[in-house]
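What follows is a short report on a single structure.
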There are 2 protein chains.
Amino acid sequence: MSPSPRASRRTVGITEVARHAGVSPGTVSNVLNRPERVAEATRRKVEAAIAELDYVRNSSGSSLRSGRSGSVGLLVLDVTNPFFTEVARGVEDEAAESGLAVVLLNSAEQRERQRRNLRLLAEQRAAGTVVMPVDDDLSDLVWLSRQGTPWVALDRGDVSEEVGCSVSVDNHAGGLAAGRHLIGLGHERITFLTGPFTIEQVRQRHRGLLDACAEADLDPDETVRVVQQPQLNAAQGERAVDAVLAGGPRQRPQAVFCANDQLALGLMKGLGQRGVRVPEDISIVGYDNVDFADLVHPGLTSVAQPKYELGRSAMRLLGSELDDPGHRHERVWFTPELVVRGSTAARRT
Amino acid sequence: MSPSPRASRRTVGITEVARHAGVSPGTVSNVLNRPERVAEATRRKVEAAIAELDYVRNSSGSSLRSGRSGSVGLLVLDVTNPFFTEVARGVEDEAAESGLAVVLLNSAEQRERQRRNLRLLAEQRAAGTVVMPVDDDLSDLVWLSRQGTPWVALDRGDVSEEVGCSVSVDNHAGGLAAGRHLIGLGHERITFLTGPFTIEQVRQRHRGLLDACAEADLDPDETVRVVQQPQLNAAQGERAVDAVLAGGPRQRPQAVFCANDQLALGLMKGLGQRGVRVPEDISIVGYDNVDFADLVHPGLTSVAQPKYELGRSAMRLLGSELDDPGHRHERVWFTPELVVRGSTAARRT
DNA sequence: GATGATTATTGACACGTTTCAATCCGGGTG
DNA sequence: CACCCGGATTGAAACGTGTCAATAATCATC
């Protein structure tokens with residue numbers, strides 16, 4: 001990257017480098033891609049020429065010829081969500097070790113944008129992609145496979161090995177852990193604050209909570225009430241406060257399990273404005289353990305997902321699919337972990 | 001994207017589409033790129049063939065031939081920071097309107113990674129890029145220009161029009177607004193909690209604060225104390241609490257202006273653990289107005305940057321540079337706005 | 001119906017790289 | 001000295017697309 005005197009000369013190609021080094025284009029290509037095959041002396045000549053001319057390879061040419069590009073996609077549900085950014089770090093680190101570049105794409109929770117992005121990956125002949133699908137309909141992903149671009153699904157348990165690889169966290173176990181924790185603290189009226197049940201993860205977390213009740217010989221129907229909001233964000237959590245408190249102090253839940261930290265944080269804010277104290281009056285558990293969970297007061301008890309590891313192992317899986325032609329699809333499960341902070345406490349009556 | 005019966009046939013190219021439609025490859029290319037030049041009837045035939053064969057264009061081929069690719073980069077300082085994700089939304093929306101794809105790259109605040117990513121963009125012959133430079137050294141960006149890839153710097157005021165376009169927020173005005181607010185509330189001992197002064201933005205915010213003092217006939221040296229941490233994150237904010245409170249209640253600041261919301265939130269947590277009340281004992285102002293600023297209790301008063309608009313106008317600038325060959329570099333400034341919440345209150349003595 | 005003016009379409013080439021069979025070279029072996 | 005072997009290098013042929021001058025088709029005009 002040293003200042004080149006020949007700024008006028010556009011298109012410094014492999015051929016010009018070759019001429020400059022007194023060597024054939026093929027050799028330059030070898031220096032670039034399989035340096036071990038070329039003799040020490042010529043390699044040095046070529047490298048000198050590359051530096052001299054400030055040559056940078058044209059990846060269009062190379063991936064056109066070789067049929068594959070050296071970058072992988074990471075198609076994320078929502079760049080705004082801190083959960084995904086941690087995952088991204090994991091993917092990037094692992095990809096870097098394989099010499100692959102990561103391009104991050106955002107579907108913003110919209111099916112149509114996911115579609116557009118998958119198409120883009122196909123057009124670019126991406127080596128592969130890690131993807132968090134917007135919903136259960138995987139047909140566009142199947143299409144992508146047929147186009148020759150392999151993928152690994154992230155955070156979706158319901159991908160069969162027939163279709164593709166997947167990495168996910170056991171949402172049922174997460175709901176179970178949250179439920180056990182609350183029940184262990186003596187709570188018997190628990191509200192599940194959630195988004196749409198069309199989201200698979202949400203259903204699993206709910207089921208985990210119900211099973212925790214059954215385990216403790218509590219009737220799930222009497223113990224758990226569901227408050228449903230259209231989206232999983234903080235504003236909706238705040239708005240839900242009336243529905244959560246409905247029925248007056250007698251009926252009011254002793255604890256709320258939120259499908260999401262954002263919901264939980266919004267709810268906590270709403271409760272604070274109503275003068276309801278956490279955890280004295282109501283215990284709260286969130287899900288995801290975002291960084292901010294530790295910054296609010298009281299700290300938010302939350303079910304933590306191994307975000308970084310999730311991304312890392314998804315990319316690892318993709319890598320192995322790329323290397324090994326006789327690859328069989330795999331399914332990797334992670335177990336979430338409850339992080340207890342100040343927002344949950346024993347029932348007081 | 002309809003299920004294709006001919007999954008075996010790899011490499012469905014423009015030529016095969018042409019044959020299938022009984023037309024020449026050039027015509028297919030025209031249908032794809034300048035549909036207006038081709039007659040209605042033939043266009044329909046070609047489109048039918050495309051659908052039938054499930055053809056997807058190979059962008060390597062196209063950008064190899066045309067010398068430019070249809071995607072722009074967005075090189076971000078840290079994907080983890082919510083500030084940047086908002087910016088990203090703005091960039092994406094604007095790019096979508098120009099039919100450009102955005103690839104998001106992350107330099108993770110590391111000069112070396114920034115360098116690698118810029119190189120990647122050059123290799124891909126990206127149409128252009130929006131970049132938030134990691135530091136004042138713009139030489140790698142100059143190199144990128146020489147390679148023929150234009151860029152727009154974001155959030156850096158110190159880019160001269162000689163070198164490139166830039167979009168930034170007036171950090172001095174932000175510091176000034178924060179200072180005026182605190183001084184207006186009667187505070188006369190103010191701590192500036194910050195990261196390294198090597199960051200241009202931080203210096204400007206500091207200077208704004210000092211100028212607010214001068215304006216109010218307060219001696220800046222006596223009024224403002226600086227507490228400096230190695231990084232601008234929440235953990236550092238929490239760790240700074242001792243330094244901030246040093247000197248006992250007499251010397252203790254009446255207000256703290258933090259260079260960053262993360263620092264502010266960390267500090268608030270630390271203060272809460274020490275039993276110091278916000279805003280009764282100490283007022284706090286943050287910077288960036290991240291979403292979470294509204295979720296903590298009390299809400300964090302913060303200097304808001306027009307994040308989305310920032311990204312959007314950077315991309316707009318880049319777009320105009322791409323379209324207009326006789327383009328002159330431009331410098332766009334935004335003004336930040338103070339959002340007052342519960343963390344600041346009038347001095348009590 | 002011939003002519004010229006438009007509009008549609010065609011063909012062939014070039015973009016920069018990788019690949020692979022063919023060639024070259026130097027040295028060890030019989 | 002002829003032979004061969006293996007490693008280093010070469011040359012030419014693709015890869016899939018866009019471009020553009022050249023040709024073909026269409027149409028309006030006289």
Side-chain angles (χ1 to χ4, degrees), chain A residues 9-47 49-50 53-71 120 122-127 147-149, chain B residues 9-47 49-50 53-71 99 122-127 147-149:
Chain A
R9 190 90 183 89
R10 216 26 331 110
T11 69
V12 192
I14 213 179
T15 49
E16 177 161 353
V17 172
R19 196 180 319 140
H20 199 271
V23 108
S24 90
T27 302
V28 177
S29 175
N30 281 335
V31 170
L32 259 36
N33 303 312
R34 300 108 112 188
E36 72 282 2
R37 290 202 194 170
V38 50
E40 178 75 10
T42 44
R43 198 183 65 209
R44 282 236 266 279
K45 264 194 307 185
V46 172
E47 276 162 355
I50 286 177
L53 297 175
D54 202 5
Y55 162 80
V56 331
R57 137 209 255 124
N58 183 334
S59 57
S60 301
S62 96
S63 52
L64 171 59
R65 173 62 226 226
S66 62
R68 278 293 108 186
S69 94
S71 31
L120 189 69
E123 290 186 355
Q124 310 205 138
R125 303 295 191 266
Q147 292 297 327
T149 303
Chain B
R9 190 89 182 91
R10 220 20 334 110
T11 68
V12 193
I14 213 179
T15 48
E16 178 162 351
V17 172
R19 197 181 319 140
H20 198 271
V23 107
S24 88
T27 303
V28 177
S29 174
N30 281 336
V31 170
L32 260 36
N33 304 312
R34 301 110 112 189
E36 72 282 1
R37 290 202 192 170
V38 51
E40 177 76 9
T42 44
R43 198 183 65 207
R44 281 236 266 280
K45 266 194 305 184
V46 172
E47 275 163 355
I50 286 177
L53 297 175
D54 201 6
Y55 161 80
V56 331
R57 137 210 252 125
N58 183 333
S59 57
S60 301
S62 93
S63 54
L64 170 59
R65 175 59 228 232
S66 64
R68 277 292 106 187
S69 96
S71 30
E123 289 186 355
Q124 309 204 140
R125 304 296 192 265
Q147 292 298 326
T149 303

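Predicted model, so just to flag it, every value in this text is computed and none were measured. Letters go in sequence order (proteins before strands), and every chain restarts at 1.
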Let's go through Asn30(B) and Glu36(B) carefully: what are the C-alpha distance in whole Å and the side-chain angles of both, what is the deciding distance for side chain to side chain contact (heavy atoms under 4.5 Å, CB included) to 0.1 Å, and is it a yes or a no? CA-CA 8 Å; Asn30(B) 281 336; Glu36(B) 72 282 1; over 6 Å; no

Could you walk me through whether Arg44(B) and Val38(B) pass the side chain to side chain contact (heavy atoms under 4.5 Å, CB included) check? CA-CA 10 Å; Arg44(B) 281 236 266 280; Val38(B) 51; over 6 Å; no

Which nucleotide, dT17(C), dT9(C), dG16(C), lies nearest any side-chain atom of Val38(B)? dT9(C)

Pick base, sugar-phosphate or nothing for Val28(B), based on heavy-atom distances below 4.0 Å to the nucleic acid. nothing

Could you tell me which non-hydrogen atom of Thr11(B) sits nearest to which non-hydrogen atom of Glu16(B), and how far apart they are? O-OE1, 4.1 Å

Considering non-hydrogen atoms only, spot the tightest contact between Ser69(A) and Ala126(A) and give its length. OG-CA, 3.8 Å

Outer limits of DNA chain D sitting under 4.0 Å from a non-hydrogen atom of chain B, read 5' to 3', are dG16(D) to dT19(D)

Can you measure Glu123(B) atom CD to dT17(C) atom C1' for me and round it to whole angstrom units? 13 Å

Using a distance-only test with no angle check, is there a side-chain donor-acceptor pair under 3.5 angstrom linking Asp54(B) and Gln147(A)? yes

Could you check how far CZ of Arg125(B) sits from C1' of dC15(C), rounded to whole Å? 11 Å

CA sep, side-chain torsions, deciding dist, call: Ser63(A), Ser60(B), side-chain hydrogen bond (donor to acceptor under 3.5 Å, both in side chains): CA-CA 6 Å; Ser63(A) 52; Ser60(B) 301; 3.0 Å; yes

Need one value for Thr42(A): base, sugar-phosphate or nothing, where a base atom within 4.0 Å counts as base even if backbone is also close, heavy atoms only. sugar-phosphate

Once you apply a heavy-atom cut-off of 4.0 Å, does Ser60(A) come out as touching a base, just sugar-phosphate, or nothing? nothing

Val23(A) vs Val17(A), side chain to side chain contact (heavy atoms under 4.5 Å, CB included): CA-CA, chis, key distance, verdict: CA-CA 8 Å; Val23(A) 108; Val17(A) 172; over 6 Å; no

Between P on dT18(C) and CG on Leu64(B), what's the gap in Å once rounded to a whole number? 12 Å

Kindly point out which of dT9(C), dT18(C), dC13(C) is positioned nearest to the side chain of Arg65(B)? dC13(C)

Please classify the nucleic acid contact of Thr27(B) as base, sugar-phosphate, or nothing, using heavy-atom distances under 4.0 Å. base

Give Arg43(A) one of three labels, base, sugar-phosphate or nothing, depending on what nucleic acid heavy atoms sit under 4.0 Å from its own. nothing

Please give, in whole Å, the distance from dA8(C) P to Glu36(B) CD? 10 Å

Atom CZ of Arg37(A) and atom P of dT18(C) are separated, to the nearest Å, by 13 Å

Given atom CG of Leu32(A) and atom P of dG16(C), what is their separation to the nearest angstrom? 15 Å

Rounded to the Å, how far apart are Asn33(A) CG and dT17(C) C1'? 9 Å

Rounded interatomic separation in angstrom, taking CG from Asn58(B) and P from dC15(C): 18 Å

With a 4.0 Å cutoff (strictly under), does any side-chain N or O of Ser24(B) reach OP1 or OP2 of dG11(C)? no

